[in-house]
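Taking it in order: structure first as structure tokens, then the write-up.
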Number of protein chains: 2
Amino acid sequence: MVRRNVPLVEQVILELLADIDRGEFVRSNGVLPSEAELAQRFSVSRATVRDALSRLEATGVVIRRQGVGTFVNQFLSKHPAALQDWFEEAHGFVDALRSMGRNPEVLMLRAVVEPAGEVSDHLQVAPDDPVIVVEKIITSAGAPLIHSVNATPLSLLPPENQPRAVELAGGCESTFRFLDDYCRSRVHHQQSEIRAVLTGEKLALLLACRASEPCLQVEEVAYSVDLAPLFYGLNHFRGDTVSFRQIRRPSARG
Amino acid sequence: MVRRNVPLVEQVILELLADIDRGEFVRSNGVLPSEAELAQRFSVSRATVRDALSRLEATGVVIRRQGVGTFVNQFLSKHPAALQDWFEEAHGFVDALRSMGRNPEVLMLRAVVEPAGEVSDHLQVAPDDPVIVVEKIITSAGAPLIHSVNATPLSLLPPENQPRAVELAGGCESTFRFLDDYCRSRVHHQQSEIRAVLTGEKLALLLACRASEPCLQVEEVAYSVDLAPLFYGLNHFRGDTVSFRQIRRPSARG
DNA sequence: AAGTGGTCTAGACCACCAT
DNA sequence: TGGTGGTCTAGACCACTTA
């Protein structure tokens, strides 16, 4: 069930990323070949090359300057990603941490089925509809980094699996995996809000830091392709060890 | 000197935004016309329509579903923007706040020329090269929201204006304006890092909140089109009244 | 099967930057 | 002036959803 018919754009992206990783453009001072040349080299149209470069630019890998050329963003290699990858990609923290070379572990604290209650609004269900709540801590090198509570409507699980909900959800290292493996649902997009809060006593215990330390709170709702809420998440990141990174561009023209 | 030759894509974007604001697609339940129909309606190619829709999707205004259609993201109208606009656009806070209907005011605290010191690394200048430091507070409805310190290399200012640096910089409501008006430099992109910190005593005073409250810290460096650092900024947002919003999409395919 | 968005092409012209 | 990225077109086919 691993349908693949990899679009040219993505192949081009992978080629370019590999070239950059290999330091292919170092001797040219970070200058990539022109779009026309890349098109020829990869035997694709210039539009396809441009599509690939646009996506690479959107994630900050590359910088384009009209009339000049395309350059690799050397800042990124000098300053290894904060949580940029997670930030832009929308997938589990565990995967994000892995892809930045850390070695995360998941500590499952709780997996229960209970009434939606306060999160019913976000999930667009009734307050007493059952949701699967999973609480976990993600550590790296033995130190806790992230505390995460996710709530998924029980109804997403096929009826025959609902009795095993706790077992199944508790066995997954991320909600993304759970949805993928057991609910046959994929996350289409996610809406998050980022705030700064203080660690309360409970959270301080869990994150192994003092109470009243600053931490980043990320509240998010994931939606399926048909815009149904898939899960609600409330995550806290240790303020001293985690930060997000973002690249922005002005679009307005004078 | 207001060159304009507005690209079709941007015109299409503006038309669509206006339509959405006007509630044009409400009766159709948020469904936009198909790309082909929009192309015909605006008398542009489908590629141009797709470009416009892609950019609207990237900022979360619209959601596209293959095989189904394009929809306005009704979540956004229900929950008015946090600081999403600033977050994605890279321009001054003041503009961002204005565009979300608030009425920000700028309180200039300090404008001085001094050695770069600690920020010399970020600005790629020598530690004793002079920079213009501007410290200000942005308030809305009388309450302070943001404390901001920006450092710009003095060398960006044309030599004849350097003696007036303090006066000029102190008179601008945002560093973007200052760069635009007096340095003939534009921001090409910005790299920011977001952390959670505590308000120290000084910051608490300035933001009119208690010390040891959580707040969001955004540290950023802006680069010109030729990748020269334009300014370094260290900003603090009151944790209780400001949050960022972000929309993410997974790109990996199973 | 019909209709939607997603990918891809080949070619054109423009705006910008260097020289 | 020549080369770069930015915009735009018209047309083709594919992948996906819905009925």
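Letters A, B, ... mirror the listed sequences (proteins, then strands); counts begin at 1. Everything quoted here is computed from the prediction, not taken from an experiment.
- Among the protein residues, A/Arg50 comes within range of the nucleic acid bases, having at least one heavy atom under 4.0 Å from a base atom.
- Between A/Thr48 and C/dT9 there is a side-chain N or O to OP1 or OP2 distance below 4.0 Å.
- Candidate nucleotides C/dC8, D/dA10, C/dT4 were compared by shortest atom distance to the side chain of B/Ser34, and C/dT4 ranks first.
- Side-chain contact check for A/His189 versus A/Leu227: some heavy-atom pair is nearer than 4.5 Å.
- When each of A/Asp51 and A/Gln66 is assigned the nucleotide of DNA chain C bearing its nearest heavy atom, the one mapping closer to the 5' terminus is A/Asp51.
- Rounded to whole Å, the distance from CG on B/Leu38 to C1' on C/dG3 is 15 Å.
- Listed pair A/Arg55 / C/dT7 meets the phosphate criterion, a side-chain N or O lying under 4.0 Å from OP1 or OP2.
- Per the geometry, CD1 belonging to A/Ile63 stands 15 Å off C1' belonging to D/dG5, to the nearest Å.
- Whole-Å rounding puts the B/Phe71 CZ to C/dT4 P distance at 11 Å.
- Taking atom CD of B/Glu35 as the reference point, atom P of C/dG5 lies 5 Å away to the nearest angstrom.
- Among the protein residues, A/Arg65 comes within range of the sugar-phosphate backbone only, with heavy atoms under 4.0 Å from sugar or phosphate atoms but none that close to a base.
- Atom-to-atom, CG of A/Leu8 to C1' of D/dA15 comes out at 15 Å; the value is rounded to the nearest Å.
- Residues satisfying the side-chain hydrogen bond (donor to acceptor under 3.5 Å, both in side chains) test with A/Ser45, not counting sequence neighbours, are A/Thr48.
- Each of B/Val68 and A/Ser43 was matched to the nucleotide of DNA chain C holding its nearest heavy atom; the match closer to the 5' end belongs to B/Val68.
- Between B/Asp180 and B/Arg177 no salt bridge is recorded (no basic side-chain N to carboxylate O distance below 4.0 Å).
- Heavy-atom distances to DNA chain D give each of A/Gly67 and A/Ala47 a nearest nucleotide, and the one nearer the 5′ end belongs to A/Gly67.
- To the nearest 0.5 angstrom, A/Phe231 atom CZ is 12.0 Å from A/Ser224 atom OG.
- Using a 4.0 Å cut-off between charged side-chain N and carboxylate O, A/Arg64 and A/Glu35 make a salt bridge.
- Per the geometry, CZ belonging to B/Arg46 stands 8 Å off P belonging to C/dG6, to the nearest Å.
- Put simply, CZ on B/Arg186 is 16 Å from C1' on C/dC17, counting in whole angstrom units.
- Distances shorter than 4.0 Å separate some side-chain N or O of B/Thr70 from OP1 or OP2 on C/dG5.
- Across the protein-nucleic acid pair, A/Gln40 atom CD and C/dG11 atom C1' stand 15 Å apart, rounded to whole Å.
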